[in-house]
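Take a look at the structure set out below.
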2 protein chains.
Amino acid sequence: MVVYAGQGDPQRTLALLWRASSAGPARPARGPKPALTVDAILNAAIAVADESGLDGLSMRAVGERLGHTAMSLYTYVPTKRELIDLMYDQAHAGLARTEPSGGWRAETEAWADDLQACYLRHPWLLQVSHARPVLGPHEQAVLERVLRVLGPAELPSATVRAVVSSLFSLVRGSAQSIAEARSAAGSTGTPDQEWWSLRSRLMREIVPDFAERFPHSTLLAAQPPPDGADQWERMARDAFTGGLAILLDGLERHSTSG
Amino acid sequence: MVVYAGQGDPQRTLALLWRASSAGPARPARGPKPALTVDAILNAAIAVADESGLDGLSMRAVGERLGHTAMSLYTYVPTKRELIDLMYDQAHAGLARTEPSGGWRAETEAWADDLQACYLRHPWLLQVSHARPVLGPHEQAVLERVLRVLGPAELPSATVRAVVSSLFSLVRGSAQSIAEARSAAGSTGTPDQEWWSLRSRLMREIVPDFAERFPHSTLLAAQPPPDGADQWERMARDAFTGGLAILLDGLERHSTSG
DNA sequence: TCACAATACCTTATGTCGTAAGGAGTTTCA
DNA sequence: TGAAACTCCTTACGACATAAGGTATTGTGA
């Protein structure tokens, strides 16, 4: 289930996200020197989430990975929700920056590929709601890049908003499909084709009138998909490149400099 | 966080999803008459989730709403995960069926609007991963409808797959934005404009060099957005209709009968 | 008719979680 | 040289999913 953005003290959250020193001195006057930093905690938490998913992400697990207790984290981070918000932003720091020179269309595709790769490196990102009211610096940088890339297309601002939002949806949705394909393949261990034919047999047994009730679905399923052990991931990838191409085709109509 | 599809006994899950009687007799030979049904449990669970979100959905809450205990549910449903899978499918049963007569484009838009409305009626749907290996009957019906609607466009099957997957991503992504806008508006109680200007003031304080670091983002934010108390939801809706239009524009290039 | 098998639902128990409360030790300022 | 301010810890609490097993209820076969 999606973790929604934390709703604690917005000032504190913002300051943490942007690592601002304005909301308090950098080092408090008295007391022992902190053994941890927010960044160290984020790295540990991201490592835990990469290994065990969001379900495996507990305050205890993060604390232990740092040689500390769960409670020690609360000195640096108000709640688990805010920790996840910070992780979400931090994970976007690792985004590659492939910038081909081939016009805005190629650059947009490169941006989408980079973002998708980031999601697939940290699949738990897909379990965190992205529809957040405020962005952290790294998410903001991702947004800034696609806006810069789309600049030469000279689109009206409403179109820019629409296309950027659509691009995020496409990248995220396809990454979800790919991640699900991988997780299914990994957890069952059986190649996709075998798994698929088993599923079909079961369906024929349980829903014998499927073909009559869902003729269009049946027809589409009969069309040749890509084959191979990773056919599910391949299909998801093809759907992504195809969908992106269609969207950008449509966009070229609106662009003054196609 | 996203709840992934349950991975229990796939036969049992499939049989439950499709309410198949093939995996066991409809009424067991002996024993007390069941006081509940899977459908009653699903309706109660959906009501709980509609009221309190997925976070508020506990086996106890569902059981108590039915005048029973949490454990009694386990007679009908193997785990909470499978319950959520069943809820996910069931919620799609309430999808409206607006079918204008204006060609595949208008019908596709109507389908997208209906699906988005369904997501917004049950926002917790957006917290459940949709990238599931098997569909229930109601999800399948939603898919079937868009395939039927797209039929007259006479697209190659790879294109159909791409556009359908993109459509789902777009609808889901926009619904997420709208739901987030509503939840923010509902929880703070302040009109969007006020909230937004407060946020801007905070940002100027915490990240004074924002405009230099993110010139394109700054420029876009300065473009006039729709105004009003619900400006955030309006923006998300505009982005959706705009993105959908762009996608369908692109699709018309591929269609033999535009 | 009656014992028993099969079942529904319950109480209880276990282990996990986030995090509140408050204590002990450390560092720096007055 | 206190004492304030801080970090980190132990302990505790209530919520959660769900395992284990008990009890009551129903229909079947003798």
Side-chain angles (χ1 to χ4, degrees), chain A residues 1 3-4 6-9 12 23-41 44-45 48-49 52-87 124 127-128, chain B residues 1 3-4 6-9 12 23-41 44-45 48-49 52-87 124 127-128:
Chain A
M1 65 197 70
V3 174
Y4 275 110
Q7 299 286 4
D9 178 6
R12 168 110 195 251
R27 283 162 215 148
R30 302 167 225 205
K33 284 169 192 163
L36 297 175
T37 61
V38 171
D39 282 295
I41 290 174
V48 170
S52 334
L54 263 202
D55 283 354
L57 181 80
S58 68
M59 300 301 270
R60 284 168 174 81
V62 176
E64 270 161 33
R65 178 174 279 256
L66 292 162
H68 287 250
T69 63
M71 289 311 291
S72 72
L73 305 180
Y74 286 92
T75 304
Y76 303 89
V77 156
T79 68
K80 187 185 182 184
R81 253 168 137 82
E82 322 242 1
L83 170 63
I84 293 179
D85 281 357
L86 295 172
M87 290 168 62
W124 50 268
Q127 301 180 51
V128 180
Chain B
M1 60 197 73
V3 174
Y4 275 112
Q7 299 287 2
D9 177 6
R12 168 110 194 251
R27 283 162 214 150
R30 301 169 227 204
K33 285 171 190 162
L36 298 174
T37 61
V38 172
D39 282 295
I41 291 174
V48 170
S52 338
L54 263 201
D55 283 354
L57 181 79
S58 68
M59 298 303 269
R60 282 166 176 76
V62 177
E64 269 161 32
R65 178 173 280 255
L66 293 162
H68 287 251
T69 63
M71 290 310 290
S72 72
L73 305 180
Y74 286 93
T75 303
Y76 303 88
V77 156
T79 68
K80 187 184 181 183
R81 252 164 134 83
E82 322 242 1
L83 171 62
I84 293 178
D85 282 358
L86 294 172
M87 290 166 63
W124 50 269
Q127 301 182 50
V128 180

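None of these values were measured; they are calculated from a predicted model. The sequence lines fix the lettering, A, B, ..., with proteins before strands; numbering per chain opens at 1. Excluded from the calculations below are hydrogen atoms, water molecules and symmetry mates; all remaining heavy atoms, backbone and side chain alike, are included.
The shortest non-hydrogen separation linking A:Gly63 to A:Leu73 is N-CD1, 3.9 Å.
Distance alone, capped at 3.5 Å, places no donor-acceptor pair between the A:Ser52 side chain and the A:Ala49 backbone. In this structure, the side chain of A:Tyr76 engages the main chain of A:Leu36 through a donor-acceptor pair within 3.5 Å.
Summarising the geometry, the separation between CG on A:Leu73 and P on D:dT7 is reported as 13 Å, rounded to the nearest angstrom. Taking atom CD on B:Glu64 and atom P on C:dC9, their separation rounds to 16 Å, with Å as the unit. Rounded to an integer number of Å, the gap from CG of A:Asp55 to C1' of D:dC16 is 13 Å. Atom pair A:Leu66:CG and D:dT7:C1' shows a separation of 15 Å (rounding to whole Å applied). The interatomic distance linking A:Glu82 (CD) with C:dT19 (C1') rounds to 14 Å, in whole Å. Protein atom OH of A:Tyr76 is 8 Å distant from nucleotide atom C1' of D:dC8, rounded to whole Å.
Residues forming a salt bridge (charged side-chain N to carboxylate O under 4.0 Å, His left out) with A:Arg12 (at least two apart in sequence, or on another chain): none. Not counting sequence neighbours, A:Arg60 has no partner by the side chain to side chain donor-acceptor pair (under 3.5 Å) test.
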Subject >> Nucleic acid footprint by protein, nucleotides 17-26 of chain D - heavy-atom cut-off 4.0 Å, B for base, S for sugar-phosphate alone >> reply: BBBB----BB
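For A:Ser72 and D:dC9, the shortest distance from a side-chain N or O to OP1 or OP2 is below 4.0 Å. OP1 or OP2 of C:dC10 has at least one side-chain nitrogen or oxygen of B:Thr69 nearer than 4.0 Å.
A heavy-atom distance below 4.5 Å is found between the side chains of A:Lys80 and A:Leu57.
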